[in-house]
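Values below: all heavy atoms of this structure, side chains included; hydrogens, waters and symmetry mates excluded. All figures in this text were calculated on a predicted structure; none of them were measured in a lab. Numbered from 1 within each chain, the chains take letters A, B, ... in sequence-line order.
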Amino acid sequence: MGVTELGKLIGKEARREAKLEALAGRCVALDAYNALYQFLASIRQPDGTPLMDRAGRITSHISGLFYRTINLMEAGIKPVYVFDGKPPEFKLAEIEERRRAKEKATEELVRAIKEGRRDEVAKYAKRAIFLTNEMVEDAKRLLTYMGVPWVQAPSEGEAQAAYMARRGHCWAVGSQDYDSLLFGSPRLVRNLAASPKRKVGDEVVELSPEIIELDTVLKSLRLRSREQLIDLAILLGTDYNPDGVPGIGPQRALKLIWEFGSLEKLLDTVLRGVTFPIDPVEIKRFFLNPPVTDTYTTDVTKPDDAKLREFLVHEHDFGEERVERALERLKKAMGKLRTSALDSFF
DNA sequence: CGCAATAA
DNA sequence: TTATTGCGG
């Protein structure tokens, strides 16, 4: 997923650890799909079963989105969630490939359950996650009832989020993936969660929010421009060409960009004769000029208590007491958010 | 993941 | 108050 290889090239010097409160008063454009997938993968019972309501509908994503968003707002962060739209044509092959992989995982899951291999069940359950339309609609409804703004991207969510950050409507993009940097976000915040601890395998490690600035990344990699970062990423592999250029790893790719200056130059020289499943220049054009919309707001509004209760407690069987407590926290956080917004304005 | 009951 | 554990839906 994303530009994993590029992430490996971004060293410690370009990453800044921060407390959640350090982002107080700032708007963060969050990649909604990224968040939902994480909740679906991690909010599970030990046997791999996700949270479900009485009707058997999965609710892990609702729980995660609800409580985390409140935590972010309590820290003074103004969230705006960005949902993916229609992917570009040249991503369809990759999407199909992922779907195949998930179907295979689903088959493995069924087999593991049948044969009672508990640990394998959890493993395949995570690989077999499908984000359904209903889940996405759940998330949008929840945010609407909470008074939290969300944006429907015309194409890639990361592109839309980066655009909002570029225009200064948000301070950063919040995602685990690095793609927003390629789309030009000046800042990326990873690990944007309240919980300071997270399980990695059997070990419990501290994972605090991490701020990555585009300018710092460029400097640390000795690149002249975002274009060169995009070129580098395309050599290593992106969502649109996951394999990158076979035989070219991180170090070699970096050297090639330093030496030749651009992807186009490389295609004319070192990479002449190499064929690509997707035209790399088309991918580059997309990163530089993706479809985005100006139709959005980043304003929070008053939550709709009645609809929230109806949705969470009655429709999805959330505990009434928990919901009431969370609602109080939400309203309190929202009040402070509005006050501090005025404070910073004057 | 994040909450909440419980232990220390 | 902080750390641990198990449940939430």
At under 4.0 Å between heavy atoms, what does A/Pro50 touch on the DNA or RNA strands: base, sugar-phosphate, or nothing?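 Base, at least one base heavy atom under 4.0 Å.
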Base, sugar-phosphate alone, or nothing: which one does A/Ser42 contact when heavy atoms must sit under 4.0 Å apart?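 Base: the residue A/Ser42, judged by heavy atoms under 4.0 Å, touches a nucleobase.
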Output the rounded distance in Å from [atom1] ([X]) to [atom2] ([N]).
X: A/Leu65; N: C/dG8; atom1: CG; atom2: C1'; answer: 16 Å
X: A/Gln45; N: C/dG9; atom1: CD; atom2: P; answer: 11 Å
X: A/Leu20; N: B/dG2; atom1: CG; atom2: C1'; answer: 13 Å
X: A/Arg44; N: B/dG2; atom1: CZ; atom2: C1'; answer: 16 Å

Throw together a table of side-chain donor-acceptor distances under 3.5 angstrom for residues 128-135 of chain A, partners on residues two or more places apart or in other chains.
from     : atom 1 : to       : atom 2 : distance (Å)
A/Thr132 : OG1    : A/Met135 : N      : 3.1

State which residues pass side-chain hydrogen bond (donor to acceptor under 3.5 Å, both in side chains) with A/Thr69; sequence neighbours excluded, sorted by chain then number.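 A/Thr69 satisfies side-chain hydrogen bond (donor to acceptor under 3.5 Å, both in side chains) with A/Tyr81 once adjacent residues are dropped.
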Applying side chain to side chain contact (heavy atoms under 4.5 Å, CB included), can you list everything that pairs with A/Ala55, at least two apart in sequence or on another chain?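 So A/Ala55 forms a side chain to side chain contact (heavy atoms under 4.5 Å, CB included) with A/Asp53, A/Arg57.
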Neighbour count above 12 (heavy atom, 6.0 Å) for A/Glu89 CD: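 Counting neighbours around CD of A/Glu89, 12 or fewer heavy atoms of other residues, nucleotides or ligands fall under 6.0 Å, so no.
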Quick one, which residues of residues 313-330 of chain A touch DNA chain B with a heavy atom under 4.0 Å?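 Within residues 313-330 of chain A, the residues near DNA chain B are A/Arg322, A/Arg325, A/Arg329.
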Can you pull out every side chain to side chain donor-acceptor pair (under 3.5 Å) where at least one residue sits in residues 261-276 of chain A? Sequence neighbours excluded, please.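 Qualifying pairs, neighbours excluded: A/Glu264-A/Lys284.
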Pairs involving residues 290-318 of chain A, ordered by first then second residue, that meet ring pair (Phe, Tyr, Trp, His ring centres under 6.0 Å) (sequence neighbours left out):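 Listed once each, the pairs are A/Tyr145-A/Phe311, A/His169-A/Tyr296, A/Phe311-A/His316.
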